[in-house]
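Notes follow the structure.
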Amino acid sequence: SLVPGAPASHVSDGGEAFLVPRSISHQVSVPSHSSKVAEDAEADIGLSAGDLNFATPAALGLLAVTVVTATTAKAKARRRAATARQAAKMQVPHGLGSLVGQTPSSALLAGSLPEAKGLLPEAPTPGLSRGDRVARGMKLAYWMYTGPAHIGTLRVASSFKNVHAIMHAPLGDDYFNVMRSMLERQRDFTPVTASIVDRHVLARGSQEKVVDNITRKDKEDKPDLILLTPTCTSSILQEDLSNFCARASESTDSDVILADVNHYRVNEHQASDRTLAQVVSYYMEKAEKAGVKVERSEKPSANIIGTFTLGFHNSHDCRELKRMLKDMGIETNLVVPEGASVHDLHKLPRAWFNIVPYREVGLMAANYLQASHGMPYVDVCPMGVTETARFVRSIESLLKPQGFQFDFTKYIDEQTRFVSQSAWFSRSIDCQNLTGKRAVVFGDATHAAGMVKVLAKEMGIHVAWAGTFCKHDADWFREHVSGLCDEVLITDDHTQVGDMIARTEPAAIFGTQMERHVGKRLDIPCGVISTPVHIQNFPLTYRPFLGYEGTNQLADLVYNSFTLGMEDHLLEIFGGHDTKEIISSSLTNSGEAEGIPWTKDGLEELGRIPGFVRDKIKKKTETYAREQSITEISREVIYAAKEAVGA
């Protein structure tokens with residue numbers, strides 16, 4: 001305002017605004033204008049001629065400019081309105097997409113704004129191509145089959161010996177520490193530190209904090225490697241983490257590496273595979289630059305690549321694979337990354353070949369070693385009798401041409417007949433009763449495909465459909481389950497999987513922890529065969545799923561899933577030991593009368609009691625009512641029983 005404290009009005013045409021004084025203290029003569037201009041000025045700037053009787057010379061000049069500008073703007077508005085009316089006569093556009101490119105004022109004049117839901121473009125239809133990308137809608141989920149990329153990187157880092165991981169993320173993204181310490185039965189602490197993104201970082205930047213965390217951990221823990229992992233937050237902030245690593249490595253004794261993963265394009269499994277290959281290649285190239293040479297072992301030896309923390313029975317599978325290799329006269333050179341030291345990675349070429357039991361993790365590292373050092377690898381997952389035999393045959397095809405003498409055929413026969421109980425059990429009358437029963441399978445690509453082969457080839461069970469959430473491995477999965485199931489499902493949407501199970505109504509489910517929950521809701525037994533899983537699939541006992549010992553575990557899982565499901569069904573039919581309404585102190589019939597009836601207000605009061613103590617309070621209240629010869633239980637009786645026990 002020209003005068004301090006004087007109120008002002010805003011005059012707007014499309015976007016410009018002028019501050020116009022409402023009261024001015026000096027009287028001046030106002031130039032005469034045509035009546036039309038005066039009317040326009042009065043209408044546009046909210047002032048009448050009477051309001052302009054008092055003005056300073058400076059204010060008069062400003063006012064003259066304001067009047068001319070407002071009048072010119074109104075003339076432009078009239079021309080735009082005429083153009084819009086002419087366009088409206090031809091065709092009025094409809095929908096959100098029709099408003100793209102229109103201004104709000106022109107859209108309003110065209111008559112299409114009331115029909116539109118907003119002024120933003122329509123969201124792209126999921127699946128449609130958008131240049132080099134495919135449009136995908138955003139969904140809110142309470143369950144995910146795979147975590148974000150940084151979880152995969154942290155799993156690899158925490159599997160190595162004396163490797164510390166630092167993730168640059170906001171508070172709340174550091175749940176990996178809690179998850180690993182809860183699930184993995186290990187004595188050591190999780191070597192992961194969170195470099196928290198907070199308001200100070202947003203204000204000053206992250207470089208100082210990240211570098212300080214790296215140097216601090218180097219001094220405190222003295223790790224061999226510090227692996228910095230980006231997160232979605234650091235990607236959004238466009239932090240130059242590679243520069244942070246370069247600066248920190250100048251003042252640390254440890255090696256410092258930035259995990260090279262794109263958090264918006266890869267998931268947990270893909271990131272872990274990529275990170276493992278990155279660490280392996282880093283130390284292989286480092287040893288090569290230092291002139292370190294490793295000779296191949298005299299006896300046949302193998303590396304096992306891909307067993308790591310939070311995997312599905314990974315430690316048990318690794319133990320079984322090492323036993324099988326020893327029985328065949330093959331040494332185990334290195335197991336990577338679980339329990340391995342990064343300073344031993346240069347010894348990988350000492351082995352004759354590599355074993356990659358899981359497709360999800362280890363393939364990239366195996367391909368790198370094959371390309372750089374000519375090391376072949378076996379990627380057959382030995383899950384079930386037939387696939388375990390194929391695994392042994394694959395090893396034979398690699399070693400026999402190199403002159404290794406061993407009777408692999410005899411080994412397969414002895415292991416199948418005397419170690420594995422699955423072969424004879426699948427031909428027994430117990431297992432033959434399962435022939436033709438319908439089952440569904442869902443999990444990661446490795447375990448889901450392996451389970452389909454066990455059910456269809458070895459046990460004669462009809463697989464209605466099989467699926468995986470590893471969408472990046474869809475082609476491989478289809479190839480391996482083709483002809484063994486009626487339908488293939490590739491999705492990471494748990495609701496779609498649940499709906500498919502409900503429509504199929506199988507006799508048993510074999511899937512992840514999520515399918516186990518679905519089975520509970522639908523009263524269908526479920527055997528867990530793949531991550532993500534809960535605490536019961538991290539046992540202290542020896543329970544491998546691979547190799548000949550693993551065939552026994554699979555046979556038990558299949559048989560118990562079907563049989564216990566049938567037991568529950570029979571109990572429901574014949575009214576078995578349903579203990580939900582037991583009010584006596586024993587399971588035997590004591591001859592006491594049936595339960596005392598409850599009044600409506602008594603049931604309402606009972607319903608307000610928390611569920612975990614409701615049955616206990618109901619039982620005590622009924623016991624009190626019988627002792628007091630009360631014929632029905634009301635709200636007052638519940639209170640009286642509560643007072644009687646001093647609660």
Can Val481 and Val488 be said to form a side chain to side chain contact (heavy atoms under 4.5 Å, CB included), step by step?
CA-CA 8 Å; Val481 302; Val488 176; 3.8 Å; yes
With side chain to side chain donor-acceptor pair (under 3.5 Å) as the test, would you mind laying out the steps for Tyr542 and Glu320 before giving the verdict?
CA-CA 9 Å; Tyr542 182 52; Glu320 172 64 9; 2.9 Å; yes
Under the criterion side chain to side chain contact (heavy atoms under 4.5 Å, CB included), I'd like the reasoning laid out for Ser272 against Glu360: C-alpha separation, chi angles, the key distance, then a yes or no.
CA-CA 8 Å; Ser272 58; Glu360 288 70 32; over 6 Å; no
Show your reasoning for whether side chain to side chain donor-acceptor pair (under 3.5 Å) applies to Thr435 and Asn433.
CA-CA 6 Å; Thr435 302; Asn433 290 333; over 6 Å; no
Show the numbers, then the answer: is there a salt bridge (charged side-chain N to carboxylate O under 4.0 Å, His left out) between Asp255 and Lys286?
CA-CA 11 Å; Asp255 295 321; Lys286 183 178 180 180; 2.9 Å; yes
For a side chain to side chain contact (heavy atoms under 4.5 Å, CB included) check, start with the C-alpha distance between Asn314 and Glu338, then their side-chain angles and the critical distance, and finish with the verdict.
CA-CA 9 Å; Asn314 274 193; Glu338 186 65 43; over 6 Å; no
Please lay out, stage by stage, how Tyr264 and Ser235 fare under the test side chain to side chain contact (heavy atoms under 4.5 Å, CB included).
CA-CA 9 Å; Tyr264 292 101; Ser235 299; 3.6 Å; yes
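Inspection of the Thr275 and Gln278 side chains reveals no N or O donor paired with an N or O acceptor under 3.5 Å. A donor atom on one side chain and an acceptor atom on the other are found under 3.5 Å apart for Tyr377 and Asn367. With hydrogens and angles left out, the side-chain atoms of Ser420 and Thr551 include a donor and acceptor closer than 3.5 Å. At a cut-off of 3.5 Å, with distance as the only test, a side-chain donor of His462 or Asp486 sits close to an acceptor on the other residue.
For the pair Arg323 and Gln415, the tightest heavy-atom approach, listed with the atom from each and the gap, is NH2-OE1, 3.3 Å. Across all non-hydrogen atoms, the minimal contact from Pro223 to Asn162 is CA-OD1, 3.5 Å. Across Leu325 and Ala302, no two heavy atoms sit closer than the pair CD1-CB, 4.3 Å. Taking both residues in full, the closest heavy atoms of His346 and Ala287 are given as CB-CB, 3.5 Å, listed atom of the first, atom of the second, then distance. Closest approach of Ser561 and Phe510 over heavy atoms only: OG-CE2, 3.8 Å. Here the closest non-hydrogen pair linking Pro230 and Val261 is CG-O, 4.3 Å.
A donor-acceptor distance shorter than 3.5 angstrom exists from the side chain of Asn177 to the backbone of Val192, with no hydrogens or angles considered. Distance alone, capped at 3.5 Å, places no donor-acceptor pair between the Ser422 side chain and the Asn552 backbone. Between the Asn303 side chain and the Leu348 main chain, a donor and an acceptor come within less than 3.5 Å of each other. A donor-acceptor contact shorter than 3.5 Å is absent between the side chain of Glu515 and the backbone of Ile509.
Residues Leu310 and Phe176 are in side-chain contact: their nearest non-hydrogen atoms beyond the backbone lie under 4.5 Å apart. Contact of the Ile395 side chain with the Met328 side chain is registered, since non-hydrogen atoms from C-beta on lie closer than 4.5 Å. Side-chain contact check for Lys161 versus Asp344: every heavy-atom pair is 4.5 Å or farther apart. Contact of the Pro191 side chain with the His164 side chain is registered, since non-hydrogen atoms from C-beta on lie closer than 4.5 Å. Looking at Met500 and Val440, their side chains never come closer than 4.5 Å, going by heavy atoms from C-beta outward. Met375 has its side chain within reach of Pro349: a pair of non-hydrogen atoms, C-beta onward, lies under 4.5 Å apart.
Ionic pairing of Arg155 and Glu268 is present here: one or more N-O contacts between side-chain nitrogen and carboxylate oxygen are shorter than 4.0 angstrom.
With sequence neighbours left out, Pro300 forms a side chain to side chain contact (heavy atoms under 4.5 Å, CB included) with Ile330, Trp352, Leu399, Phe404.
Heavy atoms from other residues, nucleotides or ligands lying under 6.0 Å from CD of Glu298 number 12 at most. Atom CD of Glu414 has more than 12 heavy atoms from other residues, nucleotides or ligands within 6.0 Å.
Of the inter-residue distances, the one linking Thr388 atom OG1 with Tyr548 atom OH reads 6.0 Å to the nearest 0.5 angstrom. Here the straight-line distance linking atom CG of Leu321 with atom CZ of Arg319 works out to 12.5 Å at 0.5 Å rounding. The line from OG of Ser234 to CG of Leu228 is 8.0 Å long, rounded to the nearest 0.5 Å. One finds the SG atom of Cys245 at 5.0 Å from the CD1 atom of Ile214 (value rounded to the nearest 0.5 Å). Of the inter-residue distances, the one linking Glu396 atom CD with Tyr411 atom OH reads 13.0 Å to the nearest 0.5 angstrom. Interatomic distance, Leu258 CG to Ile166 CD1, rounded to the nearest 0.5 Å: 11.5 Å.
In summary, of the residues considered (His472, His480, Glu479), a side-chain hydrogen bond (donor to acceptor under 3.5 Å, both in side chains) with Trp476 occurs for His480 alone. Applying the side-chain hydrogen bond (donor to acceptor under 3.5 Å, both in side chains) test between Arg359 and each of Asp444, Asp273, Asp473 identifies Asp473 as the sole match.
Relative ring orientation between Tyr145 and Phe469 is described as parallel, the plane-to-plane angle staying below 30° on a 0-90° scale split at 30° and 60°.
Residues His447 and Phe312 place their aromatic rings such that the two centres sit under 6.0 Å apart.
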